[in-house]
Amino acid sequence: TEFVIDLETKTVARTALTDGAPIEFPAIDNRQLGRRMDTIYALRTFESPDDPLAFDAVTAWNGRRFREARAGLGQVFGEPVSLLDRAGRSWVAHLGYDADGDETFLDIRDPEELRLVARAWLGFRIPLGFHGYYVPGLESERRAA
């Protein structure tokens, strides 16, 4: 749902951006805080709409176009996080869980089309539901300490 607040007329307009499948855990590029947001990333449930944690798609909405990337069979996704690499390029990262291997993975996706760029298997399970957060520069601060 998008809310537009008009301070002059003191009105609020509400527009449903999607219908049907639940969407949760919206995320933005933190560089957009306080400004017009270009793209909102979120999780969506398709295969198991009655299960509140069976998020099997990551989505992107920029006000004009809706994109999604679906999980494989027996997989669910965790909350997306927008991050920057050292060159200043933006990426979308999220955890995922594969039931067949009982293992968590980390996906890195292109922010425009949500195309999978890289997947790292962690070798163990992290319970999904932990909120993601990216802190730029933490690695360099740790080295300096």
Side-chain angles (χ1 to χ4, degrees), residues 1-6 12-145:
T1 303
E2 176 183 62
F3 294 92
V4 176
I5 302 170
D6 186 326
V12 177
R14 179 180 177 177
T15 305
L17 301 177
T18 63
D19 55 312
I23 290 183
E24 187 55 88
F25 300 115
I28 62 164
D29 181 334
N30 285 333
R31 294 173 300 164
Q32 297 174 339
L33 289 174
R35 298 184 297 228
R36 179 169 173 75
M37 293 177 210
D38 183 41
T39 302
I40 298 170
Y41 303 98
L43 295 176
R44 189 168 182 177
T45 303
F46 281 96
E47 298 300 324
S48 303
D50 295 333
D51 184 345
L53 296 176
F55 297 113
D56 54 8
V58 62
T59 65
W61 170 255
N62 67 4
R64 299 170 306 282
R65 192 166 71 110
F66 183 82
R67 283 108 49 223
E68 68 185 15
R70 292 206 186 176
L73 186 62
Q75 296 179 344
V76 293
F77 289 154
E79 181 177 359
V81 176
S82 179
L83 53 92
L84 296 174
D85 66 15
R86 291 178 190 222
R89 293 175 301 213
S90 182
W91 302 97
V92 174
H94 65 85
L95 293 177
Y97 173 73
D98 180 80
D100 290 339
D102 191 27
E103 187 175 357
T104 297
F105 54 87
L106 170 68
D107 281 352
I108 305 295
R109 295 184 178 274
D110 171 271
E112 296 302 318
E113 300 301 323
L114 298 179
R115 175 182 52 84
L116 183 63
V117 175
R119 175 171 284 174
W121 290 92
L122 303 183
F124 51 89
R125 175 177 32 92
I126 296 174
L128 292 181
F130 288 103
H131 295 295
Y133 194 77
Y134 171 70
V135 180
L138 186 61
E139 181 181 315
S140 60
E141 289 172 20
R142 209 178 287 152
R143 279 193 302 243

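Side chains included, hydrogens not; waters and symmetry mates left out as well; all remaining heavy atoms used. In this text the structure is predicted, and so the values were computed from the model without any measurement.
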Got a sec, which residues hit side-chain hydrogen bond (donor to acceptor under 3.5 Å, both in side chains) with Asp102, two or more places apart in sequence or on another chain? Tyr97, Arg125
With rounding to the nearest 0.5 angstrom, report the CD1 to CG distance, Ile108 to Leu83. 5.5 Å
What are the two closest heavy atoms between Thr59 and Phe66, and how far apart are they? CG2-CZ, 3.5 Å
Taking only residues two or more places apart in sequence or in another chain, which ones pass side-chain hydrogen bond (donor to acceptor under 3.5 Å, both in side chains) with Arg115? none
Could you give the distance from CD (Glu79) to CZ (Phe55), rounded to the nearest 0.5 Å? 9.5 Å
Test side-chain contact (heavy atoms from CB on, under 4.5 Å) applied to Ala87 - qualifying residues, sequence neighbours left out: Asp85, Arg89
Mind listing the closest non-hydrogen atom pair of Ala93 and Leu106 along with its distance? CB-CD1, 4.3 Å
Checking the side chain of Thr39 only, and the main-chain atoms of Ala60 only, is there a donor and an acceptor separated by less than 3.5 Å? no
Can you see which heavy atom on Ser82 is nearest to which on Ser90, and at what distance? OG-OG, 3.7 Å
side-chain contact (heavy atoms from CB on, under 4.5 Å) involving Leu116 - partner list, sequence neighbours excluded: Asp107, Arg109, Arg119
Test side-chain hydrogen bond (donor to acceptor under 3.5 Å, both in side chains) applied to Glu103 - qualifying residues, sequence neighbours left out: none
Counterpart residues, side-chain contact (heavy atoms from CB on, under 4.5 Å), relative to Ile5 (two or more places apart): Leu7, Val12
Apply side-chain hydrogen bond (donor to acceptor under 3.5 Å, both in side chains) to Arg67 and list each qualifying residue two or more places apart in sequence or on a separate chain. none
Pairing residues for Asp98 by the side-chain contact (heavy atoms from CB on, under 4.5 Å) criterion, not counting sequence neighbours: Gln75, Asp100, Phe105, Trp121
Which value, rounded to the nearest 0.5 Å, describes the distance between Phe124 atom CZ and Thr104 atom OG1? 7.0 Å
Verdict with supporting geometry, Arg65 and Glu112, salt bridge (charged side-chain N to carboxylate O under 4.0 Å, His left out): CA-CA 10 Å; Arg65 192 166 71 110; Glu112 296 302 318; 5.3 Å; no
For the pair Tyr41 and Val81, evaluate side-chain contact (heavy atoms from CB on, under 4.5 Å) and give the outcome as yes or no after the intermediate values. CA-CA 8 Å; Tyr41 303 98; Val81 176; over 6 Å; no
In short, Gly78 meets Leu43 closest at the heavy-atom pair O-CD2, 3.3 Å
Under the salt bridge (Lys or Arg N to Asp or Glu O under 4.0 Å) rule, collect the residues that match up with Glu68, sequence neighbours excluded. Arg70
Could you measure the distance from the CG atom of Asp110 to the CH2 atom of Trp91? Nearest 0.5 Å is fine. 6.0 Å
